[in-house]
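Values below: all heavy atoms of this structure, side chains included; hydrogens, waters and symmetry mates excluded.
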Amino acid sequence: MSTTYWLMVCRHRPGLDALRAAHRDAHRAHVASGGGGLARVLVGSATTAEDGASPTGNFGILEAASREAAQAFAAADPYALAGLVETIEITPLSAQFQAHRIDPMTPRAA
C-alpha cells in the first residue's frame with residue numbers, strides 16, 4: 001500500500017494535567033521518532049478549550065502506510081500508555097493533500 005496521510009485526533013481525559021506534564025518529554029520523543037518508524041508526524045499540536053490554555057488533547061497529521069500503522073503510532077504514545085488519552089480518531093486525508101508544503105516534525109527515515 002502506498003503512503004497515506006491521516007489526521008489523528010486524541011482527546012484527553014480531563015483533570016490530568018500532572019499526568020500530562022509527567023509524560024510530556026516521552027511524548028515529544030515518540031513524535032520525533034515517529035513511534036520508532038510507525039509514522040512520520042508532519043505537524044501536530046495540543047488542542048485546548050475555548051480559553052486557549054486548558055488542554056483537551058492533541059492532534060497530528062501523519063504519513064503512514066496504513067490506518068493500522070497510524071493507529072499503532074497513536075496507541076504507543078506515552079500519553080496513551082499512561083491512560084491520559086480517552087479517544088483516538090484516525091481519519092484519512094485526501095489523496096491531493098499537499099504534504100510538501102509542511103516542514104515535518106519527524107525526519108524522513110534514512
Under the side-chain contact (heavy atoms from CB on, under 4.5 Å) test, which residues partner Arg13, sequence neighbours left out?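 Per chain and number, Arg13 pairs via side-chain contact (heavy atoms from CB on, under 4.5 Å) with Leu16, Glu86.
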
Testing the basics here: between Ala74 and Ile88, what is the closest heavy-atom pair and its distance to 0.1 Å?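 Closest heavy-atom pair between Ala74 and Ile88: CB-CG2, 3.7 Å.
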
Can you confirm whether His12 sits close enough to Tyr79 that some side-chain heavy atom of one is under 4.5 Å from a side-chain heavy atom of the other?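 Sidechains of Tyr79 and His12: in contact.
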
Kindly compute the distance separating SG (Cys10) from NE2 (His27), expressed to the nearest 0.5 Å.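 One finds 8.5 Å between SG of Cys10 and NE2 of His27.
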
With a 4.5 Å cut-off on side-chain heavy atoms, are Phe73 and Leu62 touching?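 Side-chain contact under 4.5 Å: yes.
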
Can you find a pair of side-chain heavy atoms, one from Leu7 and one from Val9, that are under 4.5 Å apart?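 Touching, per the 4.5 Å side-chain cut-off.
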
Test of understanding: with side-chain contact (heavy atoms from CB on, under 4.5 Å), list the residues that count as partners of Thr48, not counting sequence neighbours.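 Counting only residues at least two positions away or on another chain, Thr48 forms no side-chain contact (heavy atoms from CB on, under 4.5 Å).
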
Okay, side chain of Thr47, backbone of Gly57: is any donor-acceptor separation there less than 3.5 Å?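 Side chain of Thr47 to backbone of Gly57, a donor-acceptor pair under 3.5 Å: yes, one is there.
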
Could you tell me which residues satisfy salt bridge (Lys or Arg N to Asp or Glu O under 4.0 Å) with Arg28, sequence neighbours excluded, listed by chain and number?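 Arg28 satisfies salt bridge (Lys or Arg N to Asp or Glu O under 4.0 Å) with no residue once adjacent residues are dropped.
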
Could you pull out the closest heavy-atom pair between Ala64 and Ala70, with the gap in Å?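 The pair with the smallest heavy-atom distance is CB-N, 4.0 Å.
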
So Thr91 and Met8, do their side chains get closer than 4.5 Å, heavy atoms only?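 No. Closest side-chain heavy atoms not under 4.5 Å.
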
Kindly say whether Gly34 contributes a backbone atom to a donor-acceptor pair with the side chain of Arg40 at under 3.5 angstrom?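 No; judged by distance alone, with no hydrogens or angles, the pair does not exist.
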
Qualifying residues under side-chain contact (heavy atoms from CB on, under 4.5 Å), relative to Pro55, sequence neighbours excluded: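 Scan of Pro55 (side-chain contact (heavy atoms from CB on, under 4.5 Å), adjacent residues dropped) gives Asp17, Arg20.
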
Indicate yes or no: at least one non-hydrogen side-chain atom of Ile61 is less than 4.5 angstrom from one of Leu93.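 The answer is yes; the side chains approach within 4.5 Å.
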
According to ring-ring contact (aromatic ring centres under 6.0 Å, His included), who are the partners of Phe97, at least two apart in sequence or on a separate chain?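 ring-ring contact (aromatic ring centres under 6.0 Å, His included) check on Phe97 returns Tyr5.
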
Measuring from atom CH2 of Trp6 to atom CD of Glu63, what distance do you get when rounded to the nearest 0.5 angstrom?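 Between Trp6 CH2 and Glu63 CD, I get 12.5 Å after rounding to 0.5 Å.
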
So which heavy atom on Thr56 is nearest to which on Ala49, and how close?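 Reported closest heavy-atom pair: CG2-N, 3.4 Å.
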
Could you state the interatomic distance from CG (Leu38) to CG (Asp77), rounded to the nearest 0.5 Å?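 Result: 11.5 Å between the selected atoms.
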
Which pairs, with at least one residue in residues 88-100 and sequence neighbours excluded, count as a salt bridge (charged side-chain N to carboxylate O under 4.0 Å, His left out)?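 For residues 88-100, and leaving out neighbouring residues, the salt bridge (charged side-chain N to carboxylate O under 4.0 Å, His left out) pairs sorted by first residue read Arg11-Glu89.
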
